[in-house]
Amino acid sequence: EEPVTQADTAANEIVVRGLLENFPDDGILSEETADTARRLGRSRVWMVDPLDGTSGFIARDDDFAVHIGLSIDGAPALGVVYRPAVDVLYWAVCGQGAWRQRAEEEATRLQVSDVSDLREARLAASRTHRSPRLDRVIQALGIKTETRRGSVGVKIGLIVERECDLYIHLSSRSKQWDTCAPEAILREAGGELTDLWGYPLRYNTPDVWNRNGLVASNGRLHKAVIEGLQPLLAEFGRTRVA
């Protein structure tokens, strides 16, 4: 289990209290709040990770972010990812584009790269959750450039900033609050996020784990990545959890 800091708990209290005050009829699913069945009867549910990348926070690097996402009928509709250490805010609302705000700067609209050749793809990979299987995937797909960072929000930030083109997470250990806000931002910037088999993620389900892993991309690379992964997933003995 990831460590929980006082900062996690304090940030959670601020965010959840604000959401409850402003949207009393909505459901909330937050990493640091006990989950209840109440949210399952709601169409609008907020997905909150008050500190994604706690190990990065503890290490005092900038590999952590605050995630606030809104799912409507199981799909990501709004996302906010804030990186306090560098004071960078990403946000998106469905149909209104993805944006970045830096301190003292005008908001900038974000658009993913147009890289379409896997051999040119720059991979964002997890700094801590490293496995020999990912090395196998990188080799098989012919990827030559890799950046290792913590936090799903930070890695999706690299894709919408056009510093990376692709993120592959083989593990089944991410949760809906890790991905809802980043997915909303990535989609509005022209990218795509699915499970390892190319199926969309569903939010506000009873099981909060993303058990089928993650592929996030600039969209153009997505089909080739999913196709390239299938024989490898079979080799690893992975089957899709329904």
Side-chain angles (χ1 to χ4, degrees), residues 29 45-49 52-53 65 67-81 90-100 110-116 118 121-126 129 134 137 141 143 147 149-205 207-230 233 238 240-241:
L29 174 65
V45 180
W46 296 89
M47 307 265 154
V48 179
D49 191 342
D52 184 47
H67 292 188
I68 305 171
L70 172 65
S71 75
I72 299 180
D73 297 328
L78 173 153
V80 176
V81 171
Y90 302 109
W91 79 90
V93 177
C94 190
Q96 296 180 33
W99 302 82
R100 178 195 68 217
L110 297 164
Q111 182 69 35
V112 294
S113 73
D114 55 9
V115 171
S116 56
L118 271 174
R122 298 159 298 174
L123 180 76
S126 294
H129 308 285
L134 184 61
V137 167
L141 295 180
I143 293 165
T147 302
R149 299 298 297 269
S151 170
V152 176
V154 171
K155 290 188 281 280
I156 298 299
L158 292 173
I159 299 177
V160 298
E161 296 258 24
R162 303 169 75 114
E163 292 176 27
C164 288
D165 314 292
L166 179 63
Y167 165 46
I168 299 170
H169 186 70
L170 295 174
S171 164
S172 57
R173 294 196 58 75
S174 76
K175 292 181 179 173
Q176 293 180 10
W177 51 69
D178 295 316
T179 53
C180 182
E183 180 177 357
I185 294 163
L186 179 62
R187 288 194 176 281
E188 283 298 304
E192 194 170 348
L193 194 153
T194 67
D195 71 16
L196 297 167
W197 285 264
Y199 289 85
L201 305 187
R202 296 297 295 169
Y203 293 95
N204 195 34
T205 53
D207 180 10
V208 302
W209 295 90
N210 297 318
R211 296 195 183 273
N212 295 305
L214 307 170
V215 175
S217 79
N218 65 357
R220 290 175 180 239
L221 292 164
H222 215 85
K223 187 167 181 278
V225 173
I226 298 298
E227 286 175 356
L229 279 172
Q230 299 321 297
L233 294 169
R238 282 288 288 277
R240 190 171 181 275
V241 180

Intermediate values then yes/no, side-chain hydrogen bond (donor to acceptor under 3.5 Å, both in side chains), N212 and S172: CA-CA 6 Å; N212 295 305; S172 57; over 6 Å; no
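For the pair T194 and I226, the minimum side-chain heavy-atom distance is below 4.5 Å. At a threshold of 4.5 Å between non-hydrogen side-chain atoms, the residues I185 and V160 count as touching. Between Y167 and I159 there is a side-chain heavy-atom pair separated by less than 4.5 Å. A 4.5 Å side-chain heavy-atom check between H67 and C180 finds every atom pair outside the cut-off. For the pair L141 and I168, the minimum side-chain heavy-atom distance is below 4.5 Å.
The residues E163 and R122 are annotated as not salt-bridged, no charged nitrogen and carboxylate oxygen being separated by less than 4.0 angstrom.
Every residue meeting the side chain to side chain donor-acceptor pair (under 3.5 Å) condition with D195, not counting sequence neighbours, appears here in chain and number order: R240. Partners of N218 under the side chain to side chain donor-acceptor pair (under 3.5 Å) rule, at least two apart in sequence or in another chain, are S113. Partners of W46 by ring pair (Phe, Tyr, Trp, His ring centres under 6.0 Å), not counting sequence neighbours, listed by chain and number: F23.
For the pair A92 and A98, the tightest heavy-atom approach, listed with the atom from each and the gap, is CB-CA, 3.9 Å. Closest approach of L221 to S116, counting heavy atoms only: CD2-C, 3.6 Å. Between Q230 and W197, the shortest heavy-atom contact is OE1-CD1, 3.0 Å. Listed here is the closest heavy atom pair of L158 and A124: CD1-CB, 4.1 Å.
Of the possible polar contacts, none joining the R162 side chain to the L110 backbone as a donor-acceptor pair under 3.5 Å is found. Remark: side-chain polar atoms of R220 are not paired, donor with acceptor, to backbone N or O of G191 under 3.5 angstrom. Listed for the E188 side chain is a donor-acceptor partner under 3.5 Å among the backbone atoms of G97.
Here the SG-CZ distance, from C164 to R149, works out to 9.0 Å after rounding to the nearest 0.5 Å. The CG atom of N210 lies 9.0 Å from the CD atom of E183; values are rounded to the nearest 0.5 Å. Here the CH2-OG distance, from W209 to S174, works out to 8.5 Å after rounding to the nearest 0.5 Å. Note: L196 CG to R211 CZ = 14.0 Å, rounded to the nearest 0.5 Å. For the atom pair S126 OG and L134 CG, the distance stands at 8.0 Å (nearest 0.5 Å). In this structure, OG in S71 is found 3.5 Å from CE in M47, a value given to the nearest 0.5 Å.
Each of T205, L201, D49 was scored for a side-chain contact (heavy atoms from CB on, under 4.5 Å) with Q176, with one residue passing: T205. Of the candidates V81, L186, V80, V81 is the only one forming a side-chain contact (heavy atoms from CB on, under 4.5 Å) with Y90. A side-chain contact (heavy atoms from CB on, under 4.5 Å) with V215 holds for exactly one of L170, L193, L166; it is L166.
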